[in-house]
Protein chains: 2
Amino acid sequence: MVKPSRHSDPSASEGSGRLDDLADLPALRPLPTAAERAAEVIRENIFEGRFAPGTPLPEAALSKALQVSRNTVREAFRMLTSEHLLTYEAHRGVMVRWLSEVDVGDIYRLRRMFELAALDHAIDGRHELDVSAIGDLVTTAERAAAAGRWKEVGTVNLRFHEQIVAAQQSPRINEVFRRLMTEIRLGFLVFTDPAELHGDFVPRNRELHGLIAGGDLRQARAELAIYLDEAEHRITTAIRGSSDRSGRSGRSRKEGQAGV
Amino acid sequence: MVKPSRHSDPSASEGSGRLDDLADLPALRPLPTAAERAAEVIRENIFEGRFAPGTPLPEAALSKALQVSRNTVREAFRMLTSEHLLTYEAHRGVMVRWLSEVDVGDIYRLRRMFELAALDHAIDGRHELDVSAIGDLVTTAERAAAAGRWKEVGTVNLRFHEQIVAAQQSPRINEVFRRLMTEIRLGFLVFTDPAELHGDFVPRNRELHGLIAGGDLRQARAELAIYLDEAEHRITTAIRGSSDRSGRSGRSRKEGQAGV
DNA sequence: CCTAAGACTTTGTTCAACAATCGACCGTAG
DNA sequence: CTACGGTCGATTGTTGAACAAAGTCTTAGG
């Protein structure tokens, strides 16, 4: 069973079990290379709204700001481009990606495929959903919502869906889906009030968890489908609104964005 | 009104319509950066079998061989790693990826999802398959097979499937699928005689095309499902065989491959 | 046989420089 | 006034050398 996990391998339950507890530690972020750290910072700045969609990111400026060399910045850019967070054009550099309505539609098409397939798998008994992990995530989201930490609510909600998809135990599905979840966060940025977006999804996730825990998987699947339709519609509407108001037709040359 | 718009209407038989033909030029292959060219060469060497799976690729050696700087080589490595053709481990560099049976199973799970969904889409009338493009690809494959150019047969066969998937008109599905097709070519490498693998798939693709052209999409879907099962089985078997024979347990440290 | 210290190799990162390309500015011609 | 064409400055693309950090191999010793 080749589980290509970069970090500790879970098969460490043999021999002198003294170190086993250490293996379960949160692994305090190795973040090995400078490029990864740089990418992390840029990513964070994007999701905090400091680097808004459309913002060009010059290599020299980032190099100075992050205190790393230009080569390292370029390396970080490449990572973020492959995550679809930046768009790249030769000799023109990178800019923070604009998520269009078309993009959202495309992302949700993939979400439906992967998430509904996961439920189908569970219905057919091919794999099992991790009910307790799912429940924990809902609880975490509820606590964050109660405390008003809406950004965290959004993040945890996405992990909730990742956990569902993980039931298929497909490394590639997990990877692609994770990237989709990162990308869709660009769509969250158009909401000035995150509560508006995430607020009522928390109780619905709780309901989903209840259905799954109760074994009512068919009902859960139906609910999930509705959930996805509505989420897509809500983000699409928000994007349409914001693109009308703030004239963002400044998309310059050509029509689309390159660099996928 | 001499606005030289790129896509003027076809009524170009008047005035100074002289430039309109230029708009239809094939746009002469950019291949802009040295890193992309380097990646292209390495990719080609992998699929030609000169860089076999498991081969480590030292930066310095490639830098000298390709006549580009080490930084550019690293850039190329990163591209190929994100295509899943190379595996990467910090401070240990990259090596050509081993495709395991588990990988093949995972890839084919995705293939089924995407390809069968494309047929379902066509069945529901949501999108249409490009029958002529599909037919052209089969013809090309037939000609290559007749001439014994089996590597080309494999490539064209993959493009045949890409064309089917393209019916869904989803940029992200296309991208992910294209990457899967690249990756599965690593599985082709275990066949010493490519004809053994690709040979009888060509007539089956012809049959598939016939069914699609005839509008018999349900039958096509069923055939495609069988096709995929058999292809998976054939590659899996070949990998099991080759990993038994040539002791490839030289997978050194740890059990898996990192870097996905 | 196994272990450990040191030598060697390869990767990670930086820096400075130059070439290639892009975008804007600015005259000139119609 | 607008359209065209060239110049210039800024940014990206790429190089080569250099050094630090981590891994691998060799060798000496228990």
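Side-chain atoms are counted along with the backbone in the values below, which use heavy atoms only and exclude waters and symmetry mates. Quick caveat: nothing in here was measured; it's all calculated off a predicted structure. Residue numbering restarts at 1 for every chain, and letters A, B, ... go by the order of the sequence lines.
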Checklist line | Polar side-chain contact A:Arg92-D:dG13 base: donor and acceptor under 3.5 Å | finding: no
Checklist line | Distance, rounded to the nearest Å, where B:Arg78 contributes CZ and C:dG12 contributes C1' | finding: 10 Å
Check: Atom CZ of A:Arg37 and atom P of D:dA21: how far apart are they, to the nearest Å?
Finding: 12 Å
Margin query: With nearest nucleotide decided by heavy atoms, which residue, A:Asn71 or B:Phe77, maps closer to the 5′ end of DNA chain C?
Written below: B:Phe77
Notebook entry, point to check: Mind checking whether B:Met79 and A:Ser82 have side chains closer than 4.5 Å, heavy atoms only?
Noted result: no
Next item on the list: Answer yes if the ring centres of B:Phe191 and B:His198 are under 6.0 angstrom apart, and no otherwise.
Entry: no
Margin query: Do A:Arg172 and B:Arg109 have side chains that approach each other closer than 4.5 Å (heavy atoms only, starting at C-beta)?
Written below: no
Checklist line | Spacing between A:Glu89 atom CD and D:dT11 atom P, to the nearest angstrom | finding: 17 Å
Margin query: Tell me whether the side-chain N/O atoms of A:Arg70 come closer than 4.0 Å to OP1 or OP2 in C:dC15.
Written below: no
Item checked: N/O (side chain, B:Tyr88) to phosphate O (OP1/OP2, C:dT10) under 4.0 Å -> no
Next item on the list: Report yes if at least one side-chain N or O of B:Arg74 is closer than 4.0 Å to OP1 or OP2 of C:dT11; otherwise report no.
Entry: no
Margin query: Just the rounded figure in Å: distance from C1' of C:dT14 to CG of A:Leu66.
Written below: 15 Å
Next item on the list: Would you indicate which nucleotide in C:dG12, D:dG16, D:dG13 comes nearest to any side-chain atom of B:Glu59?
Entry: C:dG12
Note to self: For a quick test of reading the model: is some side-chain N or O of A:Thr72 closer than 4.0 Å to OP1 or OP2 of C:dG12?
What the structure shows: no
Next item on the list: Send over the distance from B:Leu62 CG to D:dT15 P, rounded to a whole Å.
Entry: 13 Å
Next item on the list: Mind calculating the distance between NE2 (B:His91) and P (C:dT11) to the nearest angstrom?
Entry: 11 Å
Item checked: Interatomic distance where CE belongs to B:Met95 and P belongs to C:dT11 [whole Å] -> 14 Å
Notebook entry, point to check: C:dC15 P sits how many Å from A:Lys64 NZ, rounded?
Noted result: 13 Å
Margin query: Could you measure the distance from the NE2 atom of B:His161 to the CZ atom of B:Arg111? Nearest 0.5 Å is fine.
Written below: 5.0 Å
Check: Any donor and acceptor pair, going by atom type alone, linking the side chain of B:Ser63 with main-chain N or O of B:Glu59 inside 3.5 Å?
Finding: no
